[in-house]
Amino acid sequence: MGLEAWYMDGSEEDQRRPHRLEPHQPVSLEQLKELGVFYWQLNADIYESDQELQQIRKDRGYSYMDIITIHKDTLPNYEEKLKMFFEEHLHLDDEIRYILDGQAYFDVRDKEDRWIRIAMRKGDLITLPAGIYHRFTLDEMNYTKAMRLFVGEPVWKAYNRPADNFEIRQRYVASMQGS
Ligand code: KMT
Ligand code: NI
């Protein structure tokens, strides 16, 4: 059980396909941790009353939450937003997402700038650290419903790469050097 992640091939075609390297090169939770990426598995069927989720929110100060349903019939400006989500970018704050239904991919860069694809399924909660380069895509199911969590008021601004001179980027890179 748990999360599946792997190194991506270099192909530019259809972002919704898995793009596993040949031969397959899996990435462990331990490797993700070293990049500052953290993961929990929860019971998404009970998210409205889940004490475990409440505890995580309390411990980490995730006071804000909303729910986004990413599907062509539910998301205004669907195509445009998906295109934006797949542009390599960073944020000034952590990106915290909990998949309530459907599935999707988060891609993150490792220390050598290689793409790691993280397959997110129902019940997966992930945090991407501020300053990490990443992107998001639906997979071939073309549907996900995700809780977006935030410490305090949400800031949705994304800075597309290159953003190497940003203080948050430099702090992130420095924090990776020790590990
Ligand atoms: C982001 O910043 O990459 C996103 O918000 C992705 C979509 S939320 C499931
Ligand atoms: Ni993002």
Side-chain angles (χ1 to χ4, degrees), residues 3 5-17 19 27 29 31-40 56-57 60-72 74-99 102-120 124-139 142 144-179:
L3 201 72
W6 56 85
Y7 277 104
M8 294 185 75
D9 67 23
S11 150
E12 303 274 299
E13 50 112 5
D14 194 353
Q15 68 190 55
R16 291 176 165 85
R17 300 196 54 216
H19 288 281
V27 174
L29 277 182
Q31 287 170 283
L32 291 177
K33 240 183 238 173
E34 284 170 18
L35 299 174
V37 174
F38 293 91
Y39 166 75
W40 291 264
I56 292 169
R57 289 184 63 184
R60 303 181 67 98
Y62 300 155
S63 52
Y64 175 89
M65 80 92 161
D66 68 12
I67 292 171
I68 182 171
T69 303
I70 305 180
H71 183 266
K72 65 174 167 28
T74 60
L75 189 67
N77 305 315
Y78 170 79
E79 292 293 344
E80 188 189 316
K81 278 190 189 138
L82 283 183
K83 210 171 152 213
M84 266 176 44
F85 291 155
F86 199 62
E87 293 277 334
E88 182 173 2
H89 63 268
L90 59 72
H91 306 282
L92 306 185
D93 304 280
D94 291 1
E95 180 165 322
I96 306 134
R97 299 290 184 268
Y98 175 25
I99 303 298
Q103 47 200 56
Y105 295 129
F106 282 94
D107 300 335
V108 299
R109 292 283 191 184
D110 79 354
K111 289 175 207 173
E112 280 79 48
D113 227 19
R114 296 191 294 165
W115 279 121
I116 294 170
R117 175 149 279 190
I118 304 170
M120 297 281 293
D124 293 336
L125 191 164
I126 201 169
T127 67
L128 309 182
I132 195 172
Y133 283 126
H134 67 279
R135 64 189 180 189
F136 168 89
T137 182
L138 291 176
D139 69 9
N142 286 311
T144 199
K145 179 177 164 188
M147 184 183 291
R148 305 190 293 186
L149 297 146
F150 217 92
V151 178
E153 282 310 299
V155 180
W156 305 119
K157 180 109 184 84
Y159 299 91
N160 285 349
R161 191 167 185 176
D164 297 339
N165 293 331
F166 282 48
E167 193 186 324
I168 193 70
R169 177 63 192 168
Q170 293 181 357
R171 242 194 286 157
Y172 173 70
V173 171
S175 74
M176 286 306 99
Q177 274 158 5
S179 63

Under the 3.5 angstrom rule, does the side chain of [X] hit a backbone N or O of [Y] as a donor-acceptor pair?
X	Y	result
Tyr64	Arg148	no
Thr74	Thr69	yes
Ser63	Gly152	yes

Side-chain contact, heavy-atom cut-off 4.5 Å: [X] with [Y]?
X	Y	answer
Asp66	Phe150	no
Arg109	Ile132	no
Tyr159	Arg169	no
Ile118	Val108	yes
His91	His134	yes
Arg135	Gln15	no

Inter-residue atom distance [X].[atom1] - [Y].[atom2], 0.5 Å rounding:
X	Y	atom1	atom2	answer
His89	Met84	NE2	CE	8.0 Å
Asn142	Ile70	CG	CD1	11.0 Å
Asp9	His19	CG	NE2	5.5 Å
Leu125	Met147	CG	CE	8.5 Å
Asp107	Thr137	CG	OG1	7.5 Å

Tell me, yes or no, whether the heavy-atom count around [X] atom [atom1], taken from other residues, nucleotides or ligands under 6.0 Å, exceeds 12.
X	atom1	answer
Arg17	CZ	no
Glu12	CD	no
Asn165	CG	no

For this session: Go through the steps for Ile56 and Leu149 under the test side chain to side chain contact (heavy atoms under 4.5 Å, CB included), then give the verdict.
Result: CA-CA 11 Å; Ile56 292 169; Leu149 297 146; over 6 Å; no
Problem set entry | Val173/Gln177 under side chain to side chain contact (heavy atoms under 4.5 Å, CB included): CA gap, chis, key distance, verdict | CA-CA 7 Å; Val173 171; Gln177 274 158 5; 3.9 Å; yes
For this session: For residues Ala119 and Leu3, report the shortest heavy-atom separation together with the two atoms involved.
Result: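 Between these two residues, the closest heavy atoms are O-CD1, 3.6 Å.
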For this session: Work out which heavy atom in Leu138 is nearest to a heavy atom in Tyr105; give both atom names and the distance.
Result: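 In this case the closest contact between Leu138 and Tyr105 is O-CD1, 4.4 Å.
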Exercise. Do Phe136 and Met120 pass the side chain to side chain contact (heavy atoms under 4.5 Å, CB included) test, and can you show the C-alpha distance, the side-chain angles, and the key distance before you say yes or no?
Worked result: CA-CA 10 Å; Phe136 168 89; Met120 297 281 293; over 6 Å; no
Let me check something: any side-chain donor-acceptor pairs from residues 76-83 under 3.5 Å, sequence neighbours excluded? List them with distances.
unit_1: Tyr78; atom_1: OH; unit_2: Arg16; atom_2: NH2; d: 3.3
unit_1: Lys81; atom_1: NZ; unit_2: Pro76; atom_2: O; d: 3.0

For this session: For side chain to side chain contact (heavy atoms under 4.5 Å, CB included), just list the numbers for Asp94 and Val151, CA-CA rounded to whole Å, side-chain angles, deciding distance to a tenth of an Å, and then say yes or no.
Result: CA-CA 9 Å; Asp94 291 1; Val151 178; over 6 Å; no
Problem set entry | Cation over ring face, Arg161 and Tyr133, 6.0 Å, 45° |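 The answer is yes, since Arg161 meets both limits relative to Tyr133.
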